[in-house]
Protein chains: 2
Amino acid sequence: MKKFLSIYALISLGMAMQAQELIIEDFVPSETCQPGQEYPQVNSQGYVRFRVYAPEANSVISSAGLGGAMHGTPLTKNTDGYFIGTTASPEDPGFHYYTINIDGAVIMDPGTNPYYGCGRWASGVEVPASDKDFYTERLDIAHGNMSLIHFPSNYQGQQLRPAYVYTPADYGKNPSKRYPVLYLQHGWGENETSWPVQGKVAQIMDNLIADGDAEPMLVVMTYGLTNNVKFGDRQGIADAMKALETVLVDELIPYIDANFLTVADKEHRAMAGLSMGGMGTHAVTLARPEVFNYYGIMSGGIYTPEEIGSPDLVKHVFISCGSKENPDKVTEAVDALKAAGYSAQSYVSPGTGHEFLTWRRSLHEMAPQLFK
Amino acid sequence: MKKFLSIYALISLGMAMQAQELIIEDFVPSETCQPGQEYPQVNSQGYVRFRVYAPEANSVISSAGLGGAMHGTPLTKNTDGYFIGTTASPEDPGFHYYTINIDGAVIMDPGTNPYYGCGRWASGVEVPASDKDFYTERLDIAHGNMSLIHFPSNYQGQQLRPAYVYTPADYGKNPSKRYPVLYLQHGWGENETSWPVQGKVAQIMDNLIADGDAEPMLVVMTYGLTNNVKFGDRQGIADAMKALETVLVDELIPYIDANFLTVADKEHRAMAGLSMGGMGTHAVTLARPEVFNYYGIMSGGIYTPEEIGSPDLVKHVFISCGSKENPDKVTEAVDALKAAGYSAQSYVSPGTGHEFLTWRRSLHEMAPQLFK
């Protein structure tokens with residue numbers, strides 16, 4: 001047994017050394033670093049290197065929130081009090097949530113800005129994608145604003161609920177110009193900040209609109225009421241979807257139409273969402289066919305022709321996911337919709353899974369199809 | 001020596017027990033807690049209780065960022081893996097930054113939302129103040145919006161800089177109505193998010209405007225460019241103030257006047273700031289007397305009649321601080337301004353120091369004096 005372990009250890013060591021040789025030492029700070037912080041870093045291959053100062057700690061581990069190569073990267077203590085370590089393999093391009101575990105305490109990496117995901121404020125790392133220009137802020141164009149609003153709600157007691165509203169660069173310049181609205185929902189464990197921050201909605205929409213590739217529109221993002229729901233709790237999910245229907249359709253939409261320059265009709269309204277926000281979109285659009293003219297689901301299921309009922313009820317359906325998810329299901333669903341006479345589009349994000357690059361790309365593909 | 005230590009230990013224990021007896025066990029989660037988190041907690045006396053799960057850690061300490069009773073509260077490990085501890089004395093009412101130290105790693109308390117201060121994302125705890133109504137969100141009034149904008153800047157290379165713009169509830173409803181603007185600066189170690197989040201600008205302004213106590217106005221908050229400056233580096237501070245003058249007056253103000261419904265003249269412009277933002281206000285207003293008609297300094301120095309030059313150059317001067325800072329200096333400065341023919345007002349926040357309750361109260365006192 002001892003001999004077996006030794007051989008196994010040598011093989012492991014050999015594999016680790018082989019992997020180590022391949023890592024190119026061109027690491028730079030992730031764009032998610034706080035001002036003045038140098039870690040986490042990423043290299044041109046997608047490896048992520050973590051460094052955390054914890055001079056008296058016994059163990060520091062970096063853990064991804066939702067899958068990925070970063071799952072459980074143990075960091076090694078240096079003599080200077082820093083723990084340091086590199087992922088065992090390259091990460092997919094795009095944004096990844098993670099946390100740091102110091103002696104059993106699950107915390108944010110003090111190196112990064114905060115990102116709401118996994119049901120908490122977490123750390124994030126950004127591996128630049130080859131197509132990153134579409135979500136990168138440009139200096140040569142006009143920029144819209146991202147507004148935090150508070151709308152009155154009576155669901156679960158009278159209160160004010162937050163939402164973010166993206167308004168395009170020309171919004172309000174001509175007070176008689178009115179805009180269509182996309183209602184865009186986050187996934188489980190996220191909140192109203194997730195699309196604006198890690199989803200880069202303003203950057204994507206600013207670029208599309210400046211290039212004439214999408215109609216100027218508002219994008220409204222509120223909390224989907226799903227973070228207390230457990231996976232597999234069908235009744236809990238159904239209740240949350242019903243709550244979202246009430247808050248979104250009966251409370252938020254009237255507030256937006258009363259307080260922003262919108263065209264307040266079905267023809268100028270879309271709803272889309274990622275993951276559990278796609279499930280919410282599915283539930284709300286089908287329950288209220290008179291409200292939205294465009295439906296979008298990203299990594300969150302499909303529509304069937306039978307569910308919608310008639311191509312007359314929806315102008316366009318968009319369904320997407322990452323290539324590492326279930327792309328066949330997405331393309332087959334869209335083929336079935338088309339065969340039944342619907343206008344529909346599928347999109348599969350190459351080389352990505354259930355993460356935000358899939359959804360940034362999905363928004364970039366979907367938005368040009370809306371309100372045309 | 002051993003006997004002396006034992007006696008000392010007994011006296012310490014006695015003092016600790018006496019203090020412990022006085023603590024009322026009515027702790028409730030701080031309003032700064034993340035969704036689903038129960039700690040930190042505060043009681044009716046202002047004691048703060050921390051709890052952090054760190055089963056394998058040796059030492060966990062809570063440390064205030066800038067003074068206060070929380071400075072160095074050691075937490076005690078329970079058998080369930082939680083470290084728990086209560087401040088040795090009550091905290092002042094209002095908002096306090098703090099961090100957690102786990103085995104030498106300085107991190108955010110995983111229990112709270114993130115607040116930018118002390119040059120990093122930090123944790124915060126809120127001790128409710130007896131006068132908290134003025135900064136508490138109300139259900140019975142209309143609410144303004146807080147917009148994140150990106151304005152083009154050429155200082156230190158062409159780039160987009162962030163700013164937050166508070167617009168009052170009636171903004172844009174009548175496109176011919178135009179508004180005055182207050183430019184409001186944060187302190188050292190903070191950024192453009194600090195006034196909107198821990199300063200509760202929207203809540204304070206919404207309440208004042210709804211009650212008819214302040215004119216509807218925009219409040220614009222950008223980064224003051226001071227976080228790389230070391231205390232005592234006079235040249236570094238002077239350079240940062242000059243940079244702020246350029247970015248604020250030559251870049252931000254023209255962008256705001258071009259993109260928002262403002263009255264673009266001196267009569268409808270104010271500048272104020274807290275701490276180092278007060279120093280920035282002092283420097284920028286005196287360097288550009290043609291730009292602002294109202295000056296405000298909160299816990300950041302004073303104006304003398306000689307510096308301003310003439311009562312004709314400024315409509316009103318506001319100077320404030322906490323009662324635990326240097327109130328005599330503030331009231332004497334305002335007395336001197338008044339004696340020299342200036343319209344001026346001093347305000348001393350009762351029972352507070354160099355912290356955000358002083359500055360929330362200062363905004364609440366100053367805003368009604370502007371643009372009347």
Side-chain angles (χ1 to χ4, degrees), chain A residues 34-37 52-60 81 83 99-110 112-114 116 119-121 137-139 142-152 158-160 164-165 167 169 171-176 191 196 202 206 227-228 259-261, chain B residues 34-37 52-60 81 83 99-110 112-114 116 119-121 137-139 142-152 158-160 164-165 167 169 171-176 191 196 202 206 227-228 259-261:
Chain A
Q34 289 196 35
Q37 296 296 315
V52 177
Y53 183 70
E56 307 301 327
N58 301 308
S59 158
V60 180
F83 283 74
T99 54
I100 293 287
N101 184 314
I102 299 184
D103 288 347
V106 178
I107 60 158
M108 277 181 55
D109 184 340
T112 84
N113 290 317
Y116 201 85
R120 53 165 293 165
W121 288 100
E137 196 170 60
R138 275 159 56 184
L139 291 170
H143 296 271
N145 298 334
M146 187 65 78
S147 296
L148 175 61
I149 67 163
H150 291 88
F151 64 99
Q158 204 187 7
Q159 61 187 289
L160 292 161
Y164 284 89
V165 181
T167 51
Y171 180 85
K173 300 278 197 297
N174 171 0
S176 66
N191 68 12
D206 281 349
N227 286 352
N228 292 327
N259 289 279
F260 288 84
L261 300 167
Chain B
Q34 289 196 38
Q37 296 296 313
V52 177
Y53 184 70
E56 307 301 328
N58 302 309
S59 158
V60 179
F83 284 74
T99 54
I100 293 287
N101 184 313
I102 298 183
D103 287 346
V106 178
I107 61 158
M108 276 182 54
D109 183 340
T112 84
N113 290 317
Y116 201 85
R120 54 167 291 165
W121 288 101
E137 197 170 59
R138 275 160 55 185
L139 291 171
H143 296 270
N145 298 334
M146 187 65 77
S147 296
L148 174 60
I149 67 164
H150 292 88
F151 64 99
Q158 204 187 6
Q159 61 187 290
L160 292 162
Y164 283 90
V165 180
T167 51
Y171 180 85
K173 299 280 197 298
N174 172 0
S176 65
N191 69 10
D206 280 350
N227 287 353
N228 293 327
N259 289 279
F260 287 85
L261 299 168

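So that the names make sense, note that chain A is the first sequence line, chain B the second, and so on, each numbered from 1. Nothing here was measured: the structure is a model prediction, and the numbers come from that model.
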Looking at [options], which makes the most heavy-atom pairs under 4.5 Å with chain A?
options: B:Asp109, B:Val165, B:Ile149; result: B:Ile149
options: B:Ala57, B:Pro175, B:Gly144; result: B:Ala57
options: B:Gln37, B:Met108, B:Arg138, B:Gln158; result: B:Gln158
options: B:Lys173, B:Met146, B:His150; result: B:Met146
options: B:Leu261, B:Asn259, B:Ile100, B:Val60; result: B:Asn259

Chain A contact via [X] - which portion, at a heavy-atom distance below 4.5 Å:
X: B:Tyr116; value: side chain
X: B:Phe260; value: side chain
X: B:Pro55; value: both

**OP:** Determine whether B:Tyr171 and B:Ser147 make a side-chain contact, defined as any pair of heavy atoms from C-beta on separated by less than 4.5 Å.
**Re:** no
Short side-chain to backbone donor-acceptor contact, [X] and [Y], under 3.5 Å:
X: A:Asn101; Y: A:Val106; result: no
X: A:Asp103; Y: A:Asn58; result: yes
X: A:Gln34; Y: A:Asn113; result: no

Original post:
Nearest heavy-atom pair of B:Asp206 and B:His143: which atoms, and what distance?
Top reply: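 The pair with the smallest heavy-atom distance is OD2-ND1, 3.1 Å.
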Subject >> Shortest non-hydrogen contact between A:Trp121 and A:Pro114, atoms and distance >> reply: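 Closest heavy-atom pair between A:Trp121 and A:Pro114: CE3-CB, 3.6 Å.
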Subject >> Residue selection (most heavy-atom pairs with chain B, distance under 4.5 Å) from A:Leu148, A:Thr167, A:Asn191 >> reply: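 Most heavy-atom pairs under 4.5 Å with chain B: A:Leu148.
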Subject >> Distance in Å, A:Ile102 CD1 paired with A:Ile107 CD1, rounded so as to fall on 0.5 Å steps >> reply: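 Here the interatomic distance stands at 3.5 Å.
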